[in-house]
Amino acid sequence: MEIITAVRGFKDILPVEAGKWQYIEKIAREVLANFGFREIRIPILEKTELFKRSIGESTDIVEKEMYTFLDRGNEYLTLRPEATASVVRAYLEHTMYAQDPVARLFTIGPMFRRERPQRGRYRQFHQINAELLGLDDPRTDAEVILMLMQFLMRIEITDLRLMINSLGCRECRPAFRKALSGFLVGKEEQLCKDCQRRLAMNPLRVFDCKTANCIEVIDHAPQILDFLCPGCMDHFTKVKEALAMFAIAFEVNPKMVRGLDYYAKTTFEVVTEHLGAQNAVAGGGRYDGLVKDLGGPDIPGIGFAVGVERLISISPFMGENFLISPQLFIAALGDKAQMLAFSVCNRLRIQGIQTEMDYSGKSLKSQMKRADKLSSRYALILGEREIAENKAELRDMQQGTQETIGLDDLENAIIKILKGS
RNA sequence: GUGGGUGUAGCUCAGGUGGUUAGAGUGCCGGGUUGUGGCCCCGGAGGUCGAGGGUUCGAAUCCCUUCACUCACCCCA
């Protein structure tokens, strides 16, 4: 019979990998906590409408990348392609703003996009997500970016570039959009098919296109930064100043428009050289207006997402062994010894010593091999001879030395020796 | 969605122009050490050659179809 395999683009994280994930999540939680962020756990399934309204109908995500299906209740549901929409939904649904309009929230978990999988891009992937709601001070933009960079530094990721831009607000973006549309009039036939379609829906997205012709056309186009209203201009300047205070290197990239419609003012992206076209390790931005668009009060917000798979693939501790290994392995020969081993093994576990034993009753040699394979620090040899003499041999597998200990008070003696090493 | 690459042992891969029992390394199991891991030596188990069809006396090898995986592109984490 044929075995059933995982769904395309969905990956198992095996024990050899899982340790890295735990490590990254641990550091993330530490850094987030230091900046006052609290965990929120949200569902992975939402009503499709949530993403259409927040991310935008004409975005690539909504147009062609969502895992959407009709459930039995005749309702369209979607496996979340990103977390911000859900966090904002929860913030509104529980009227968190009534208690305190300022919320610093983070969530870690899987996201889903139905794309063709390749290196650094999976259909189920994982993000660490931070959202700061209720503040629009430009210093908070810098603070969130600082936190992100601090996190990346803590896990020793280097060779990264931080790119920032401002997309303006509802005041200034229409003027820019109009200017851009005006600029593109008469140049439609030079653009690719996708961009011709984007023109009507969202001309800003032409900046995203990688088609040679489109790049050439857009190269001379007006730039958003020249159209910022005084408020947005001031905001952007203060963000840059605040970043400079912490010596965070950044590049202003006026062509970075990002793929989600809800961004306004500050946007940013952290990219690496090591992942080819899948170069974005983290990305985010301000989304003043999103909360209102989702039916809530006019509350500002800013956040980012870090791609965990991409992080791990460029992290320097890739080759390190995160597998746990036992402190003690008990090799037992004979029925009596096996019974005693079973008892000692589990008693030590209860007392906090990571202990393994062999149940196969095979030769001492093969049991020792197993102790070695598991990289156990110590091995306890418990044979018929030892039992008869009321003792056991404790072998230090690293040193290759061993000592005899009495069976009376065996556990305490082992604990004492193990704690000492 | 579009284009390329690859499918042979658990894993990494060999197998000129078709030829009989399909190999290596590694891993696994056992032995060399009547009760002591790693290094070394010896032995063993393990394969519908991705699947289906075709050509042929004969196909892992040639042809067709299909599936899977993978890489790249668009876009993004």
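Note that the structure is a prediction, hence the values are computed from the model and not measured. The sequence lines fix the lettering, A, B, ..., with proteins before strands; numbering per chain opens at 1.
- With sequence neighbours excluded, the residues forming a ring-ring contact (aromatic ring centres under 6.0 Å, His included) with A:F227 are A:F176, listed by chain and number.
- Nucleic acid contact class of A:R205 (heavy atoms, under 4.0 Å, all strands): sugar-phosphate only.
- Neither side chain, A:D396 nor A:T401, offers a donor N or O lying under 3.5 Å from an acceptor on the other.
- Nucleic acid contact class of A:V308 (heavy atoms, under 4.0 Å, all strands): none.
- Between A:Y23 and A:F322, a ring centre-to-centre spacing shorter than 6.0 Å is recorded.
- The CZ atom of A:R53 lies 14.0 Å from the CG atom of A:D261; values are rounded to the nearest 0.5 Å.
- Here A:Q118 reaches the OP1 or OP2 of B:rA72: one of its side-chain N or O atoms lies under 4.0 Å away.
- Look at CE on A:M66: it is 17 Å from C1' on B:rA77, rounded to the nearest Å.
- With a cut-off of 3.5 Å on both pairing distances, the Watson-Crick and G-U wobble pairs of RNA chain B assemble into stems of 3 or more at B:1-7 with B:67-73, B:10-13 with B:23-26, B:28-32 with B:40-44, B:50-54 with B:62-66.
- Counted by atom type alone, A:R347 and A:S343 present one or more donor-acceptor pairs between their side chains at under 3.5 Å.
- You'll find the side chain of A:T68 stays beyond 4.5 Å of the side chain of A:L79, heavy atoms only.
- Across the P atoms, B:rG43 and B:rC49 are found 28 Å apart, a figure rounded to whole Å.
- Heavy atoms of A:E115 sit under 4.0 angstrom from at least one base atom.
- The residue among A:E65 and A:A6 whose nearest nucleotide of RNA chain B lies closer to the 5′ end is A:A6.
- Looking only at atom types and distance, the side chain of A:S325 has no donor-acceptor partner in the side chain of A:S375 under 3.5 Å away.
- Spacing of C1' atoms, B:rU61 relative to B:rA22, comes out at 12 Å, to the nearest Å.
- Only the P atoms considered, B:rU36 is 48 Å distant from B:rC71, to the nearest whole Å.
- Nucleic acid contact class of A:A371 (heavy atoms, under 4.0 Å, all strands): none.
- Judged by the 6.0 Å distance and 45° axis criteria, A:K187 is positioned over the aromatic ring of A:F183.
- Distance check on atom P: B:rC62 versus B:rG18 gives 8 Å, rounded to whole Å.
- Inspection of the A:E131 and A:Y287 side chains reveals an N or O donor paired with an N or O acceptor under 3.5 Å.
- Of the options A:T267, A:T266, A:T140, a side chain to side chain donor-acceptor pair (under 3.5 Å) to A:R286 is made by A:T140 and by none of the others.
- Within 3.5 Å, no donor on the side chain of A:R8 pairs with an acceptor on the base of B:rA68, nor the reverse.
- At the phosphate of B:rC75, neither OP1 nor OP2 sits under 4.0 Å from any side-chain N or O atom of A:R114.
- Checking A:D137 against A:H235 by side-chain atom types alone, no donor-acceptor pair falls below 3.5 Å.
- Comparing the C1' positions of B:rG52 and B:rA68 gives a spacing of 14 Å, expressed to the nearest Å.
- Rounded to an integer number of Å, the gap from CZ of A:R123 to C1' of B:rG1 is 11 Å.
- Listed nucleotides: B:rC75, B:rA72, B:rC29. Nearest to the side chain of A:R119: B:rA72.
- Counting to the nearest Å, the P atom of B:rA77 and the CG atom of A:D60 are 11 Å from each other.
- Separating the P atom of B:rU26 from that of B:rG35 is a span of 28 Å, rounded to the nearest Å.
- Rounding to whole angstrom units, CD1 of residue A:I44 and C1' of B:rA77 are separated by 17 Å.
- One finds a side-chain N or O of A:K11 lying less than 4.0 angstrom from the OP1 or OP2 phosphate oxygen of B:rU70.
- Note: CZ (A:F51) to P (B:rA77) measures 14 Å, nearest angstrom.
- Residue A:I157 contributes atom CD1, which lies 17 Å from atom P of B:rA77 at whole-angstrom precision.
- Rounded to an integer number of Å, the gap from CH2 of A:W21 to C1' of B:rA77 is 11 Å.
- Atom CZ in A:F10 sits roughly 17 Å away from atom C1' in B:rA68 (whole-Å rounding).
- B:rU65 and B:rG23 have their P atoms separated by 33 Å, with the value rounded to a whole Å.
- If you check B:rG1, B:rC75, B:rA77 against the side chain of A:R116, the one that comes closest is B:rG1.
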5' to 3', nucleotides 35-43 of chain B under a 4.0 Å protein heavy-atom cut-off (B base, S sugar-phosphate only, - none) gives BBBB-----
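- Comparing the same atom, C1', in B:rG46 and in B:rG25 gives a spacing of 15 Å after rounding to whole Å.
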